Undergrad: 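Please see the structure below; I have some questions.
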Amino acid sequence: MATIEHLTQRTPQVSVDELLDGFFPSQRFGSVSFESYRPDPKQPSQAAAVKELRTFAAGVNAPEPSGFRKLFGAKRDQGRAGIYLDGGFGVGKTHLLSSLWHATSGRKAFGTFVEYTNLVGALSFRRTVDALSSYKLVCIDEFELDDPGDTVLMSRLMRELADAGVKLAATSNTLPGSLGEGRFAAVDFQREIQVLSSQFDVIRIDGEDYRHRGLPEAPPPLTEQQVRRRARNFPDGTVVAEDQFEDLITHLAGVHPSRYRQLIDGIDAVAWHDVQTITEQAVALRFVVLADRLYDRDVPILASGAPLSELFTPEMMSGGYMKKYYRAVSRLTALARQGGDSGN
């Protein structure tokens with residue numbers, strides 16, 4: 001019989017070092033490499049991207065300035081500080097970014113765009129810059145600029161890290177100069193976006209684009225009794241976090257999103273009773289972060305109440321953050337399928 005715990009009874013306290021120690025590829029990409037990436041022969045840009053990333057990794061691994069040059073703050077070459085992988089869903093950008101991380105030595109960080117903004121929120125901007133300035137490589141997956149505050153913040157962070165000699169690597173589905181379009185009045189922040197774009201060399205990875213596919217159909221919700229029974233029917237030693245959905249939503253508001261990784265430490269599955277559609281944007285965005293952390297850990301979901309396909313309102317699914325919400329629903333649906341396959 002599984003051990004039952006409750007996320008609503010967890011309030012992780014995390015040190016700066018513990019937060020930074022969490023910036024590495026998820027277990028889904030824990031052992032990938034350039035060798036394990038399989039370029040599509042019909043898409044030469046994929047093989048070209050691997051070649052360019054190998055060269056970039058060699059540059060990251062090159063010895064740092066020393067002696068006189070280091071003492072007087074030798075400037076890096078005029079080449080850009082970073083590399084940027086652009087392409088549709090499903091072409092292997094995260095695989096390649098993770099491979100770059102694995103191929104480099106020294107201090108390095110790997111996280112999503114949201115994780116970095118959350119890190120700044122937890123530590124302060126200056127402490128984040130101070131902490132990351134000693135790194136050789138900072139990788140940013142799923143680069144998004146969802147609001148003006150994030151635009152200014154990430155632009156400053158990238159500039160200061162580049163000035164400190166940190167190499168940068170990022171992925172996204174939009175070219176850097178177009179980040180933010182369709183989400184807010186980009187013209188008001190064009191200067192910041194252009195400065196951010198200037199930090200990267202762009203590598204376009206072509207391939208089948210999954211962006212226009214519909215969401216996978218969500219499995220039907222379980223009954224309350226099924227959730228309770230299946231949560232307890234996991235094998236001995238399994239730790240299941242069982243919570244009322246409304247209580248979990250309330251609890252998440254009191255836990256900084258930068259700590260959601262630690263919130264689910266040691267959890268093998270989650271069980272949610274009476275899932276309801278989230279109607280507040282701030283609440284929905286917090287839940288997206290939890291969905292990403294659960295997906296990173298491959299945590300199966302058992303859920304009753306509303307279908308996960310209806311977790312966010314139609315307005316949210318068609319608004320400025322729609323990309324986040326579609327990704328969250330897709331990921332939660334996949335985890336719910338795993339949960340459905342694991343119980344009686």
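A quick note: this is a predicted structure, and the numbers were derived from the prediction, not measured.
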Undergrad: Considering non-hydrogen atoms only, spot the tightest contact between S172 and K323 and give its length.
TA: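 Minimum heavy-atom contact is OG-NZ, 4.3 Å.
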Undergrad: Given the rule that I, L, V, M, F, W and Y join up when any side-chain heavy atoms are under 4.5 Å apart, are Y37 and V32 in one cluster?
TA: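 The answer is no; the residues belong to distinct hydrophobic clusters.
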Undergrad: Could you go through the side chain to side chain donor-acceptor pair (under 3.5 Å) check for D268 and T238 one step at a time?
TA: CA-CA 6 Å; D268 301 307; T238 303; 4.9 Å; no
Undergrad: Are any side-chain N or O atoms of S134 and backbone N or O atoms of D130, one a donor and one an acceptor, separated by less than 3.5 Å?
TA: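 Answer holds: no.
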Undergrad: If you define the side chain from C-beta out and look only at heavy atoms, does anything of V227 sit under 4.5 Å from W272?
TA: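 Not touching, per the 4.5 Å side-chain cut-off.
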Undergrad: Please tell me if the side chains of E246 and D274 come closer than 4.5 Å, counting only heavy atoms from C-beta onward.
TA: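 With C-beta onward as the side chain, the pair stays apart.
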Undergrad: Determine yes or no for a side-chain-to-main-chain donor-acceptor pair under 3.5 angstrom, with K167 supplying the side chain and V60 the backbone.
TA: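 No, because the side chain of K167 does not come within donor-acceptor range (under 3.5 Å) of the backbone of V60.
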Undergrad: For the atom pair CD1 (I83) and CZ (F56), what is the distance rounded to the nearest 0.5 Å?
TA: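 These two atoms lie 5.5 Å from each other.
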Undergrad: Is a side-chain donor-acceptor pair under 3.5 Å present for N61 with T104?
TA: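 The answer is no; no qualifying pair exists.
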Undergrad: Over 60° means perpendicular and under 30° means parallel, so classify the ring planes of F23 and Y116, tilted if in between.
TA: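 Geometry flag for F23 against Y116: tilted rings.
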Undergrad: Answer yes when D292 and R327 have at least one side-chain N-carboxylate O distance shorter than 4.0 Å, and no when they do not.
TA: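 Yes, charged N to carboxylate O under 4.0 Å.
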Undergrad: Is there a path of hydrophobic side-chain contacts, each under 4.5 Å between heavy atoms of I/L/V/M/F/W/Y residues, joining L85 to F29?
TA: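 Per the 4.5 Å side-chain linkage, F29 and L85 are not co-clustered.
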Undergrad: Are any side-chain N or O atoms of H102 and backbone N or O atoms of P25, one a donor and one an acceptor, separated by less than 3.5 Å?
TA: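 No, because the side chain of H102 does not come within donor-acceptor range (under 3.5 Å) of the backbone of P25.
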Undergrad: Between E160 and R126, is there a side-chain N and carboxylate O pair less than 4.0 Å apart?
TA: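 Looking at E160 and R126, the cut-off is met.
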Undergrad: Under a 3.5 Å distance rule, please check whether R10 uses its side chain to pair with a backbone N or O of D265 as donor and acceptor.
TA: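 Yes; at least one donor-acceptor contact below 3.5 Å.
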Undergrad: Report the C-alpha distance between F143 and F113 in whole Å, list the side-chain angles of each, state the deciding distance to 0.1 Å, and finish with yes or no for ring-ring contact (aromatic ring centres under 6.0 Å, His included).
TA: CA-CA 5 Å; F143 211 124; F113 179 87; 5.1 Å; yes
Undergrad: Say you draw a straight line from CD of E5 to CD1 of I264; how long is it, rounded to the nearest 0.5 Å?
TA: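 Interatomic distance, E5 CD to I264 CD1, rounded to 0.5 Å: 13.0 Å.
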Undergrad: Looking only at the side chains, is there a donor atom on one of T333 and R337 sitting less than 3.5 Å from an acceptor on the other?
TA: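 No, no side-chain donor-acceptor pair sits under 3.5 Å.
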Undergrad: For the backbone of A164 and the side chain of S133, can you confirm whether one donor and one acceptor N or O come within less than 3.5 Å of each other?
TA: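 Not a single qualifying donor-acceptor pair exists.
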Undergrad: So do D86 and I205 actually touch side chain to side chain, heavy atoms under 4.5 Å?
TA: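 They are not in contact (no side-chain heavy atoms under 4.5 Å apart), so the answer is no.
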Undergrad: So, do N118 and V289 sit near enough that their side-chain heavy atoms are less than 4.5 Å apart?
TA: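 Of all side-chain heavy-atom pairs linking V289 with N118, at least one is under 4.5 Å.
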Undergrad: Which pair of non-hydrogen atoms, one from A57 and one from A103, has the smallest distance, and what is that distance?
TA: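 Minimum heavy-atom contact is CB-CB, 4.2 Å.
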Undergrad: Using only atom types and a distance under 3.5 Å, with no angle test, would you say the side chain of S304 pairs donor to acceptor with the backbone of T223?
TA: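 Here the side-chain-to-backbone pair does not exist.
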Undergrad: Any sub-3.5 Å donor-acceptor pair from T55's side-chain atoms to K51's backbone N or O?
TA: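 Yes: the side chain of T55 pairs with the backbone of K51.
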Undergrad: Roughly how far, to the nearest 0.5 Å, is the OG1 atom of T117 from the CG atom of L157?
TA: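 The CG atom of L157 sits 10.0 Å away from the OG1 atom of T117.
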Undergrad: Just how far is it from atom CG of L137 to atom CG of L100, taken to the nearest 0.5 Å?
TA: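 Here the interatomic distance stands at 5.0 Å.
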Undergrad: Look only at the side chain of Q338 and the backbone of L335, and say whether a donor-acceptor pair between them is shorter than 3.5 Å.
TA: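 Judged by distance alone, no pair lies under 3.5 Å.
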Undergrad: Distance check, rounded to the nearest 0.5 Å: K42 atom NZ versus D206 atom CG?
TA: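 That separation rounds to 14.5 Å.
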Undergrad: Using side-chain heavy atoms (C-beta onward) and a distance below 4.5 Å, is H95 in contact with S36?
TA: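 The answer is yes; the side chains approach within 4.5 Å.
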Undergrad: Do you know the tightest heavy-atom contact between L308 and L332?
TA: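 Closest approach of L308 to L332, heavy atoms only: CD1-O, 3.7 Å.
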Undergrad: Looking at Q46 and D40, would you say the former's side chain and the latter's main chain have a donor-acceptor pair under 3.5 Å?
TA: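 Yes, Q46 side chain to D40 backbone: donor-acceptor pair under 3.5 Å.
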Undergrad: Is the closest side-chain donor-acceptor distance between H256 and S258 under 3.5 Å?
TA: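 Judged by distance alone, the side chains do pair up.
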Undergrad: Using 30° and 60° as the class boundaries, would you call the ring planes of Y84 and F200 parallel, tilted or perpendicular?
TA: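 Ring orientation, 0 to 90° scale: perpendicular.
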Undergrad: Answer yes or no: is there a side-chain heavy-atom contact under 4.5 Å between T313 and M317?
TA: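 Contact flag for T313/M317 side chains = no.
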Undergrad: Between R28 and D296, does at least one N-O distance fall below 4.0 Å, as a salt bridge requires?
TA: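 No, this pair does not count.
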Undergrad: For residues V138 and K108, determine if any side-chain heavy atom of one lies less than 4.5 Å from a side-chain heavy atom of the other.
TA: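 Heavy-atom side-chain distance check fails, nothing below 4.5 Å.
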Undergrad: Please report the C-alpha distance between Y325 and F287 in whole Å, then the side-chain angles of each, then the deciding distance to 0.1 Å, and finally whether the ring-ring contact (aromatic ring centres under 6.0 Å, His included) criterion is met.
TA: CA-CA 10 Å; Y325 297 136; F287 204 82; over 10 Å; no
Undergrad: Both conditions, 6.0 Å and 45 degrees, for the charged tip of R297 above the ring of Y260: are they met here?
TA: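 Negative - R297 is either too far from the ring of Y260 or too far off its axis.
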Undergrad: Look at the side chain of H251 and the backbone N and O of L7, then say whether any donor-acceptor pair between them is shorter than 3.5 Å.
TA: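 It does hold such a pair.
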Undergrad: Is R54 salt-bridged to E35, cutoff N-O under 4.0 Å?
TA: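 Counted as a salt bridge, because a side-chain N and a carboxylate O are separated by less than 4.0 Å.
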Undergrad: Could you check whether R156 makes a cation-pi contact with F125, meaning its NZ or CZ is under 6.0 Å from the centre of the six-membered ring and within 45° of the ring axis?
TA: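 So R156 does make the cation-pi contact.
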Undergrad: Is E115 salt-bridged to R293, going by a charged N under 4.0 Å from an acidic O?
TA: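 Judged by the 4.0 Å cut-off on N to carboxylate O distance, E115 and R293 do form a salt bridge.
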Undergrad: A side-chain contact here means heavy atoms from C-beta on lying under 4.5 Å apart; do T250 and F245 qualify?
TA: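 Sidechains of F245 and T250: no contact.
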Undergrad: Side chains of H6 and E242: do they bring a donor and an acceptor to under 3.5 Å?
TA: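 No donor-acceptor contact under 3.5 Å links the two side chains.
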Undergrad: Is E142 salt-bridged to R331, cutoff N-O under 4.0 Å?
TA: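 Here E142 pairs with R331 in a salt bridge, since their nearest N and O are under 4.0 Å apart.
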Undergrad: Check whether the side chains of T8 and D243 place a donor and an acceptor atom closer than 3.5 Å, and report yes or no.
TA: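 Per modelled atom types, T8 and D243 side chains form a pair under 3.5 Å.
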